[in-house]
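Beneath this line is the structure, given in structure tokens, with notes to follow.
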Amino acid sequence: MKTREERVFQAVSHVIMIFASAVCVIPFLLLIISSFTDNNTIVANGYSFFPEKWGLEAYRYLLQRSDQILRAYGITVLVTAVGTVGNLLLTTMLAYPLSRTDLPGRKALSFLVFFTMLFNGGLVPTYLLYTTYLGVKNSLAGLIVPLLLLNAYWVMIMRTFFQNSIPKAVIESAQIDGASEMRIFCQIILPMGKPIIATVCLFAGIAYWNDWYNGMIYVTESNLFSIQQLLNRMLSDIQFLQSNSSMAGAADYISKIPGTTVRMAIAVVGILPILVVYPFMQNNFVKGIAIGAVKG
Amino acid sequence: MRSRSKPRKLKRFIPLYLMMAPSLLYLVINNYLPMFGLVIAFKNVNFKKGILGSDWAGLENFKYLFATQDAWVITRNTLLYNIAFIFVHTFLAICLAVILSELTAKRSKRIYQSVTLLPYLISMVIISYLVNAFLSSDTGFLNNSVLPLLGMEPVSWYTDPGKWPAILVIVDAWKNVGYLSIIYYSAVLGVDREYLECAALEGATKMQQIRKIILPLISPVITIMVLLAIGKIFYSDFGLFYQVPMDSGPLYSTTNVISTYVYRGLMQLGDIGMSSAAGLYQSAVGFVLVLISNLIVRKLEPENALF
Amino acid sequence: MKRTWKWAGRMLALCLAAALLCSISACGGKPQESGAVDSGGSASSKREEASASQPEETQGGGGEEPVELVMSFWASTEPAGLNQVFEALSEYTKEKIGVTVKPFTVNMSNYPQQINLMLSSGEQIDLMCCYYQWFQSLYSKGHLKELESLVESEGQGIVDAIGWDFLNAGRIGTGLYGLTTNRDLAKEYGFLIDKEMAQRNNIDLDSLHSFSDMEAAFEVIKANEPGVTPVIGTEATYAAEYLIPGADLLTDGLGALLDYGEDLNVVNLYASDAYMEMAKMTRSWFEKGYISEDVVTSGENARSYFKAGTAFSALSTLKPGYAFKESKSIGKEMAQVGVMAPTTNTTVVQSIQWTVPENTDYPEKAMQLLNLMYSDETVMNLLAWGIEGEHYEVLESGLIDYPEGVTGETSGYNLNAGWMFGNQFISHVWNGDSPTIWEETDTFNREAKKSNAFGFSYDSSNVKTELAACSNVVSEYAVSLTSGLVDPETAIPEFVKKLETAGIDKIIAEKQSQLDAWAAENGKK
């Protein structure tokens, strides 16, 4: 039973979205195409969607280090899985009580949470605490725990979401029925909060996947490198090798590194797994939201 | 302990406090314990004496932030860009979210959503090369293909500061809008469909539904996002302002922000007192601004305030 | 409401108390000891607090057990055989000086940050390699040990290898904080040239000796070779010292000496005639199309352009054998053309130095190990090239090469960083390099024209504010000026005015007064 107006709205929406998608995809295509371009062609002619000469040197170079890359993928998958679950738990368990307007001390606690978004002690004290007292250096905990496990930003957003889209009446009637707080949390809040929980899950996942900072600070042993740390390191190493003179024996293999295209290939290697996994996640994401909506 | 009169009432909340305990403990460890480091901003740190034992520097460490005639330029740039970002982000992300949520075609909806998230996944360093692919003066697409097509003269992009406010706002929106729209999208999904159906039955047009129902209902989320952005108003995405303009000197008048200024100033010195002073300054200003805006919000819509 | 505030207040107080405790025991743990040479005693009790389970504390007992030293340096990719090499090294040093050595490597770009963190939190590092921008900052944070008396008691081999002449460049103020490695300790600024392209255009390489000779060559290239940029520079090489002969930048270029510092008069380089002249020259190159606008902002390096065949020459720092090595890296025959006499100054020498952290428990042992790195061929060859028979083999000519079946990619120890460890001149020469490369380099070092302020470097702690402000101004203008991107007639006055507001005069005055004191002490002037 679509009205004319509805049809126009749908059509215009598609036009806008197709345009937006094109804007997002075209530079990304350029990224992929340049990773398959011959290095000298790029240096001489610049980046192009239709390169004169294609090349696989970039991937060949990365393939030489495939052992390390696969290992780093493994580490990152593990860290992302554990970290995301932990992050979701901590965020939800803090956001929900803060969303309860009847909770004594709510404002003070919200303030304390918000305060951490703005002020921090800086790297040196944080490092000192985490390495000297908590011993996270060169451990998986070093990749998971510092900074990423709970982000005040998401707590505040999730809190607002709970407050906004879960009617107080629902909670109150459950309380009258004698449901415990834990039960209310598990059986009402979690299902109804699915859209925001799925969102935070996605973002926490991306944050863990893309993180190289914790690795750079807390991990110096190469068998614990996460994928982004490894890729970052490869990038800066290539730059270093290429811009510094060295001895005759090494010169020969430096000359074979395709400096420009390998940068692009490294970016592709870092993003690819997300692209593969995202559609599946999105499926769940949409399902979760549908359930949430029904209950509401 | 004054409120002895309502221990029963408090008891009811114990499970909620317990629920929060692990998260609060984490914040204490990850955020509050290291905060003693804030004193570094006022110290002349010498590790022979330890952090706390180092000599006090007073406000000496803050001075360099105001020591050039560019001090106001970087402050202005930081503020203006952030204000522009807040507007552009909020507007575009909400548009995208609303359109996506109202689209009926399931599959294309999912494709649009994945594709608009793509740019967020690309790191700024790589983005800076992609931007270079468009702007480079000899080989860039704009100078070689687009501008001649429009009959325009080639532009020397990396030496013309006037063009950069627009470029940076576009690049930033390109990277972040898809990501931010997901938050608004989930907020729109939280809106009860019944309201919309009722409104439709009563003959409200799509635009009316959006304006009269969806926007007011997601306004708490909008408010909170804007408030949080205000807190970070003296910070900037370093990569966007340093790498994307390729650190080109002639562009500084429109690309230099507090974060890049601090980075360039301390690259050689590596002074941790001065860098924490910068961080403290940035945070303190954001903090004051948030307090003020929060006060205003609390007056207008107390439910939506941060705290 | 009140009650929660109280609760929050109490929590904060608790945090603060805990934080104080942490920091006091961790970094305030060391009372203000003099920082001079201090054997065992107080230092190792400090380590006991920090990490009680370390076995090394037996050192106090009588030194029978070998001491484990942590030696830190940067390595782009950690070589697979690193531990193997250091085990071999430890075997040897255990016999010699009762020391085993554990390597600690981070890649170049993370090195300063990682080491800073480790030093700040008291992790063990006993000797470390350090590069110059960072040397000053380590010093000002109090991380470096003064080395003079240690060198005198344990480091005779170092003095013999390098001589006080060059070692003195490791001083800040009057204290000695760094020991330069023995490598190329001078610089010859000039151009790297695509030889084949020069010949194709009948450019006689032997006739190129100055900027104006080069300019003539650029003109030919510009006319004959479409699509080729006559001269390439990068952000690093569009620097004043590449283009102004005899400029001694005194660490940071903010206040510099001209004409090899004949008069020891610190001036504002950017306001000098020499700088204006240089900027006009590069501006004319830019206007004639010899310099490409894109080069600085493209993120590519000179080698990529040479490989792609789109560059004729590149501004470079030359040293003996430079073009030969570059030919291999680029895969084309290259030539080098110097346009200034080789020179040297403190900054050049300070670029790679070994330092001993204030934190170490074993300063003497660290110095003894350093001593071996400068005087013992076995140690030096292990560090530079790895294990004989495994990572390299000695050819009949006395030069070395990869063993059968090993290449640069597959070798377990491909650091190729002899310049980083001690005395490069006592290490083997790689096949393909000139067999007399070390003698040539040594001569190059000794014959280089030294700045009159050679050995002086200033302590910037009084002018930090001004330095930070001026560094920003410099990064805004300097590269655009040296690469001809902007018109010097208008940009330089602007530049100089901004520097003055940012306080360059205070830096110049500070440098001048420290330089005068140094000159008086060293009988200069």
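Fair warning: this is a prediction, and the values are worked out from it, not measured in the lab.
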Partners meeting ring-ring contact (aromatic ring centres under 6.0 Å, His included) with A:Phe114 (sequence neighbours left out):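 Partners of A:Phe114 under the ring-ring contact (aromatic ring centres under 6.0 Å, His included) test: B:Phe307.
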
Answer with side chain, backbone, both or neither: which region of [X] has an atom nearer than 4.5 Å to a non-hydrogen atom of chain B?
{"X": "A:Val12", "answer": "neither"}
{"X": "A:Ile196", "answer": "both"}
{"X": "A:Trp154", "answer": "side chain"}
{"X": "A:Leu123", "answer": "neither"}
{"X": "A:Tyr127", "answer": "neither"}
{"X": "A:Ile18", "answer": "both"}
{"X": "A:Thr101", "answer": "side chain"}

Segment of B:Ser114 engaging chain A (4.5 angstrom heavy-atom cut-off):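 Both backbone and side chain.
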
Sequence neighbours excluded, every pair satisfying ring-ring contact (aromatic ring centres under 6.0 Å, His included) that has a member inside residues 98-145 of chain B: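 Those involving residues 98-145 of chain B are A:His14-B:Tyr112, A:Phe49-B:Phe141, B:Tyr120-B:Tyr179, B:Phe134-B:Phe141.
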
Atom pair [atom1] ([X]) and [atom2] ([Y]), whose distance is rounded to the nearest 0.5 Å:
{"X": "A:Tyr153", "Y": "B:Met225", "atom1": "OH", "atom2": "CE", "answer": "4.0 Å"}
{"X": "A:Leu129", "Y": "B:Asn30", "atom1": "CG", "atom2": "CG", "answer": "8.5 Å"}
{"X": "B:Leu121", "Y": "A:Ile271", "atom1": "CG", "atom2": "CD1", "answer": "6.0 Å"}

Closest-packed option against chain B by number of heavy-atom pairs under 4.5 Å, given A:Ile206, A:Asn45, A:Val23, A:Leu149: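 Ranked by heavy-atom pairs under 4.5 Å with chain B, first place is A:Leu149.
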
Over all atoms of both residues, closest heavy-atom pair of A:Asn120 and B:Leu38: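 The pair with the smallest heavy-atom distance is O-CD2, 3.4 Å.
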
